[in-house]
Amino acid sequence: MPPSRLADFAAAVRDMGAGWVRDGQSWPAAEPAPGAYDTSHHDRRTRTLRAHGLAVLDVLSPAPEWSMTDASLPLPADLRHAYRYARHLAAAAPEALQLSNEPDVDTTRSTGDAHAAFVKAAALGIKDAAPEPCLVVLPGIAQTGPFQDLMLANDVVRYADVWAFHGYPDPTEPGEPRFPGAAEEQHELARRHQARVPLWMTECGAFQKARPGEDLTPEQEMVQARYVVRSMVEGLAAGNDRQFWFAGPPLHDDGVYFGLLDRDFRPLPAYSAFAALTSLLGAAHFTGFAPGLPDGARGFVFDSGRGERVMVLWAERPVRVDVAGVAYDLMGRRLRAGPVTVSRDPLYVVSPSASATGPAPVALATPVASAHSVISAPSVRAAARPRARLSPAEHIVLAQRFPARNAAPGKDDGDAPPPYGYRLGRRTRMVVDVYNFGATACHVTLAARPVGDGWSVRAESGRREERIRVPAGGRVGIGFTVRAGSSVRRRTDRRLAFGATLDDHSEVPASVALIHLK
């Protein structure tokens with residue numbers, strides 16, 4: 001984003017009805033040397049966005065090279081760097097901080113357990129930055145799978161205020177893009193883990209092929225405009241509390257154009273469709289699906305928060321529908337009274353909620369409580385609130401550390417086949433780092449949990465558990481030896497877990513990794 005364009009861009013985004021902008025800065029640029037912070041450029045950008053009434057969701061980028069080792073890439077080898085950097089960012093009081101972007105589909109060998117430890121450390125830095133800290137948002141996960149499962153097994157949700165994920169249509173499917181199943185998958189996963197936090201889709205968008213230096217065709221522009229509305233509506237209906245479109249500015253990425261503005265920063269049809277959506281849906285509380293529609297037609301019913309019921313309708317093939325209320329087309333233009341033609345272009349029907357005579361919404365089997373997204377006005381209630389301060393036991397972070405030769409296979413953009421864990425020999429030495437991000441020193445008793453299937457784990461001291469003193473802000477590494485017996489099958493993942501307690505018997509969140517005999 002050229003600085004000269006920023007103020008006009010922010011004004012255009014706010015005029016469009018958006019309430020949030022997801023942004024970020026380069027950690028290597030912000031901290032070129034340990035403790036030497038320079039966030040002035042990003043701070044100016046944030047001030048400009050806020051001056052136009054926009055809340056900011058910042059995203060932590062990969063760590064600077066000076067903080068990494070071959071085994072830790074793309075994370076700092078010492079998690080205290082993550083704690084201090086996140087605390088520094090949180091002191092500038094953005095509305096929310098997201099703790100990395102799509103770590104599950106990068107091409108490194110980083111694992112879900114390593115990233116979970118990073119998330120805990122960064123979250124503690126945010127929580128300790130102020131009495132009322134900004135929101136802690138979990139990493140934007142690209143897809144469900146073993147990486148996210150392992151993060152969740154490491155109990156990261158208790159450190160967060162918001163669960164985040166991304167969702168894009170399959171670019172290989174012909175025809176109109178279809179809203180992916182990511183939202184339903186993530187909501188089901190959150191229910192399974194009893195995660196009582198809002199879910200945000202921090203990226204959604206459509207893949208529109210375009211050569212660099214060229215604009216979209218008129219046909220592509222209309223596909224994008226339709227999908228802006230359909231994806232936002234379906235995301236809200238799935239229960240997403242906020243939803244972010246990727247992207248706002250003109251953005252050409254690897255042959256795909258994503259922006260709502262063209263290369264000259266002029267609004268594309270998708271911009272106008274987004275503006276109509278925000279204006280007509282208002283608070284956008286999803287209440288149910290519209291019954292009695294012809295085959296192929298879909299209808300979603302919302303409470304606008306203004307005493308109105310708003311139906312959003314579309315169909316794969318044009319059909320005539322009788323409606324009661326005032327109808328508006330995709331761009332927000334009022335239509336003539338009477339039956340309307342419902343087509344691929346979504347349209348809206350607005351009626352008074354108390355006296356509407358049109359079809360009543362059908363109640364959901366599982367009601368969605370007051371869902372609203374990035375499109376809702378700032379006056380609507382906040383989507384999430386920072387949780388209470390974390391306990392002394394939660395300020396202890398366990399992180400398993402293996403030599404680079406034992407690193408897990410590369411993720412290959414998320415498509416690598418199993419096994420996924422650290423690749424061990426018959427006898428492997430490793431370390432469990434015990435971090436104390438609390439304000440006082442404490443004693444921690446650490447032990448490995450049984451692995452089973454022929455595996456054994458023992459501290460190098462020979463004891464089954466270790467009691468150590470960890471100073472405030474300190475780190476102590478405990479060596480362990482992991483042995484694979486003759487019965488262990490090769491290339492089969494098993495969970496290696498370590499638990500710990502404080503002297504008052506309070507339980508430290510566990511560290512859970514995957515290992516296999518290579």
Side-chain angles (χ1 to χ4, degrees), residues 78-80 82-84 86-87 90 99 112-133 135-138 149-163 190 192-197 384-401 430-451 457-461 463-480 495-513:
D78 188 335
L79 296 181
R80 289 173 292 186
Y83 174 89
R84 289 190 284 262
R87 185 166 183 165
L99 303 182
D113 62 288
H115 210 83
F118 165 80
V119 166
K120 293 174 184 178
L124 286 165
I126 295 169
K127 297 290 187 183
D128 293 346
E132 296 185 8
L135 298 175
V136 173
V137 181
L138 289 176
D149 290 342
L150 202 52
M151 284 189 62
L152 295 170
N154 279 267
D155 209 3
V156 292
V157 178
R158 72 162 73 190
Y159 289 83
D161 305 304
V162 175
W163 177 307
R192 197 183 315 153
H193 285 265
Q194 298 182 336
R196 294 178 176 85
V197 293
R385 301 219 178 266
R387 289 181 162 187
R389 293 181 66 85
L390 295 164
S391 69
E394 290 167 324
H395 274 73
I396 305 298
V397 175
L398 308 179
Q400 300 184 39
R401 178 159 48 91
M430 52 85 67
V431 173
V432 177
D433 287 327
V434 183
Y435 292 88
N436 178 10
F437 293 109
T440 59
C442 63
H443 286 90
V444 180
T445 301
L446 175 72
R449 295 175 180 172
V451 180
V457 187
R458 189 171 291 273
E460 290 185 351
S461 66
R463 293 185 291 268
R464 297 188 66 85
E465 61 182 32
E466 293 280 354
R467 182 175 181 269
I468 55 173
R469 181 183 183 275
V470 189
R475 175 183 68 171
V476 176
I478 306 299
F480 286 83
R495 285 193 172 188
L496 173 61
F498 290 86
T501 57
L502 302 186
D503 282 352
D504 64 1
H505 304 293
S506 57
E507 190 172 343
V508 172
S511 171
V512 183

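No hydrogens, no waters, no symmetry mates; every other heavy atom, side chains included, goes into these values. The first residue of the sequence shown is numbered 1, and numbering continues consecutively from there.
In this model, a donor atom of one side chain and an acceptor atom of the other lie less than 3.5 Å apart for Ser511 and Gln400.
At distances below 3.5 Å, not a single donor-acceptor pair connects side-chain atoms of Asn154 with backbone N or O atoms of Val156. Judged by distance alone, with hydrogens and angles left aside, the side-chain atoms of Tyr435 form a donor-acceptor pair with the main-chain N or O of Leu79 at under 3.5 Å. Side-chain atoms of Asn436 come within 3.5 Å of backbone N or O of Thr440 as a donor-acceptor pair.
The shortest non-hydrogen separation linking Tyr83 to Ala121 is CD1-O, 3.4 Å. Counting all heavy atoms, side chain and backbone alike, Gly474 lies closest to Arg80 at CA-NH1, 3.8 Å. Among all heavy-atom pairs drawn from Val397 and Ala117, the shortest one is CG1-O, 3.9 Å. Listed here is the closest heavy atom pair of Gly499 and Leu398: C-CD1, 4.3 Å. Residues Ala160 and Val197 approach most closely at O-CG1, 3.9 Å, considering heavy atoms. Of all non-hydrogen atoms in Arg469 and Ala441, the two that sit nearest each other are NH2-CB, 3.3 Å.
If you take CZ on Arg158 and NE2 on His193, they are separated by 13.5 Å, rounding to the nearest 0.5 Å. Between atom CG of residue Leu152 and atom CZ of residue Arg192 there is a gap of 9.5 Å, rounded to the nearest 0.5 Å. Once rounded to the nearest 0.5 Å, the distance linking CG of Asp113 with CZ of Arg495 reads 10.5 Å. For the atom pair CD (Glu132) and NZ (Lys127), the distance works out to 11.5 Å, reported to the nearest 0.5 Å. Taken to the nearest 0.5 Å, the CZ atom of Phe437 stands 9.5 Å off from the CZ atom of Arg475. With values rounded to the nearest 0.5 angstrom, Ile478 atom CD1 is found 9.0 Å from Arg463 atom CZ.
For the ring pair (Phe, Tyr, Trp, His ring centres under 6.0 Å) test, no residue two or more places apart in sequence or in another chain qualifies with Tyr159. Partners of Arg467 under the salt bridge (Lys or Arg N to Asp or Glu O under 4.0 Å) rule, at least two apart in sequence or in another chain, are Asp503. Judged as a side chain to side chain donor-acceptor pair (under 3.5 Å), and not counting sequence neighbours, the contacts of Arg401 are Asp433.
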Check against side-chain contact (heavy atoms from CB on, under 4.5 Å), Thr445 and His443: CA-CA 7 Å; Thr445 301; His443 286 90; over 6 Å; no
Leu496 and Phe480: CA distance, side-chain angles, deciding distance, side-chain contact (heavy atoms from CB on, under 4.5 Å) verdict: CA-CA 12 Å; Leu496 173 61; Phe480 286 83; over 6 Å; no
Verdict with reasoning, Leu124 to Arg87, per side-chain contact (heavy atoms from CB on, under 4.5 Å): CA-CA 8 Å; Leu124 286 165; Arg87 185 166 183 165; over 6 Å; no
CA sep, side-chain torsions, deciding dist, call: Val470, Ile396, side-chain contact (heavy atoms from CB on, under 4.5 Å): CA-CA 9 Å; Val470 189; Ile396 305 298; 5.6 Å; no
